[in-house]
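Shown next, in structure tokens, is the structure this report addresses.
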Amino acid sequence: MTVDLIWKKFPVKQVEVKLSKVLRCGQTFRWKNVNDIWSYTTENKIILLKQDEEYIHYSWIAAEHMQTQSKINCHFDKETLDFIKDYFNLPIKLETLYEEWIEKDGLFKISQQKSAFSKFTGIRILRQEPWETLISFICSSNNNVKRISKMCDNICTEFGKYINEYNGIKYYSFPTAVDLSSSPKVESRLRDLGFGYRAKYIYQTALKFTSDEFPDITLKNLYQLRQENYETAHDFLLQLTGVGPKVADCICLMALDKHDIVPVDTHVYQIAIRDYKFKGKKDLKTMNKKTYHDIRLFFKEIFGDFAGWAQSVLFTSDLSDLNNGVNKIQNTEINIDHTSVKQEQDSIVIERKRGILLDPSSQEQDSDKKVKYEMK
DNA sequence: TCCACGCCTGCATT
DNA sequence: AAATGCAGGCGTG
């Protein structure tokens, strides 16, 4: 089936959104990049995006079963644009926030080296669908971006609804709670798909959303948390299997409009000690409840109402472990001849690499990596 | 209440 | 080349 894509566009500066960063900095795991076109499935269509200096271009492919009439076309155009504006939190102006952060950053930072905020522009927090965010972040424990992406891909292919095909890739929607609790076999199937101990967490969480035993745990109430305060949202999420304080905070920040929440892991803890004036043991491996709380409030006091957003920039700029899948690919390329880069014809990985090569600020990182590697 | 431990897989190191 | 270590958050006892 061949489709003629019709592209529309709207103006956005790259300092407001930089797709190549935002879509692979560890907050979303389901976007694919094929020939510099980003793609993602919703319930009824595949959404396609590409970005140049001044514009984001968007297009869509309706689900296979839907007929394409001019009326639907027009509706889908609007729906897609609305989705993009909402998903990327576009009403929130990043440039102004960055100015505030740079100012505050200077006051608290230990060294006066160039602020991460002037180097890594266009990184913003998405406003993602709460159910997908919940399941994705249950997958994130003890895990890396590459593997989480693969797991999300697997769960859609196995339990989602077929949407359509584009560029030789089949696209599926993200499975619902009903899809994931339909049979106890779900858990063992997820295990087979490489979910490990998270298979049980996902199945049990899905069950809580569909079973009468837990009348308060519903999709509607999950969505309602966007209107509730942080404590309410956090406590609700902790009832779910596989959701602890860190995962709950990720969901609060990335799906539930809690812009001031900083999810704390040991990496964030290290940033607090190394770059800011947080006093704590440098060798702390396991974090207790108090430390977690203290670090979260520490960053909130520095950056204020959008502390979670600010933290995501610091985190992304501190690339050493983050995106390790992507970085590993770069190292492989630099060091070994082409024949060695064969086995994984994984389109996601391959295309990520492409995106990086075309992204000017990432090229700086490329050269950094190269230097580090040669010095070894 | 706090803590140590096990859980799963993929990748890097030895 | 097989064995080991690491990543690093949640649940359990």
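Since we're looking at a predicted model, the values are computed, not measured. A, B, ... follow the sequence lines: proteins, then strands. Residue 1 opens every chain. The basis for the numbers below is simple: all heavy atoms, side chains too, and nothing from hydrogens, waters or symmetry mates.
Residue A/L240 is in sugar-phosphate contact alone, with no base atom involved, counting any heavy-atom pair closer than 4.0 Å across all strands shown. Within the 4.0 angstrom heavy-atom criterion, base atoms lie near A/R198. Residue-level contact check: A/T241 touches the backbone only, with heavy atoms under 4.0 Å from sugar-phosphate atoms and none from bases.
Listed by chain and number, the residues in a ring pair (Phe, Tyr, Trp, His ring centres under 6.0 Å) with A/F88 amount to none (sequence neighbours excluded).
With rounding to whole Å, A/N154 atom CG is found 10 Å from B/dG10 atom P. Put simply, CG on A/N142 is 12 Å from P on B/dC8, counting in whole angstrom units. Residue A/K200 contributes atom NZ, which lies 16 Å from atom P of B/dG6 at whole-angstrom precision. Going from atom CG of A/N144 over to atom C1' of C/dG8 covers 11 Å, rounded to whole Å. Rounded to an integer number of Å, the gap from A/Y201 OH to C/dG8 P is 17 Å. C/dG8 atom P lies 15 Å from atom OH of A/Y269, rounded to whole Å. In this structure, A/Q204 atom CD and C/dG11 atom P are separated by 10 Å, rounded to whole Å. Distance A/N143 CG to C/dC6 C1': 13 Å, rounded to the nearest Å.
At least one cation-pi condition fails for A/R127 and A/Y87: the charged atom is not both under 6.0 angstrom from the six-membered ring centre and inside a 45 degree cone around its axis. A/K8 forms no cation-pi arrangement with A/Y58, by the criterion of a distance under 6.0 Å to the ring centre and an angle within 45° of the ring axis.
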Completion exercise
The dot-bracket string of DNA chain B, counting Watson-Crick and G-U wobble pairs with both distances under 3.5 Å, using [ ] for crossing pairs and | for pairs to another strand, is ..|||||.||||||
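You'll find the ring centres of A/F120 and A/Y98 outside the 6.0 Å limit.
With respect to A/I155, the side chain to side chain contact (heavy atoms under 4.5 Å, CB included) criterion is satisfied by exactly one of A/L180, A/V186, A/L193: A/L180.
Residue pairs meeting the ring-ring contact (aromatic ring centres under 6.0 Å, His included) criterion with at least one partner in residues 241-263 of chain A, sequence neighbours excluded, are A/H259-A/F306, A/H259-A/W309.
Here, C/dC10 and B/dC11 have their C1' atoms 22 Å apart, quoted to the whole Å. Separating the P atom of B/dT9 from that of C/dA1 is a span of 25 Å, rounded to the nearest Å.
A donor-acceptor contact under 3.5 Å is formed by the side chain of A/Y197 with the base of C/dG9.
Side chain of A/N143 to main chain of A/C139: a donor-acceptor pair is present (N/O by atom type, distance under 3.5 Å, no hydrogens or angles).
The listed nucleotides are C/dC10, B/dC11, B/dC8; the one nearest the side chain of A/R147 is B/dC8.
For the pair A/K246 and C/dC10, the criterion of a side-chain N or O lying under 4.0 Å from OP1 or OP2 is not met.
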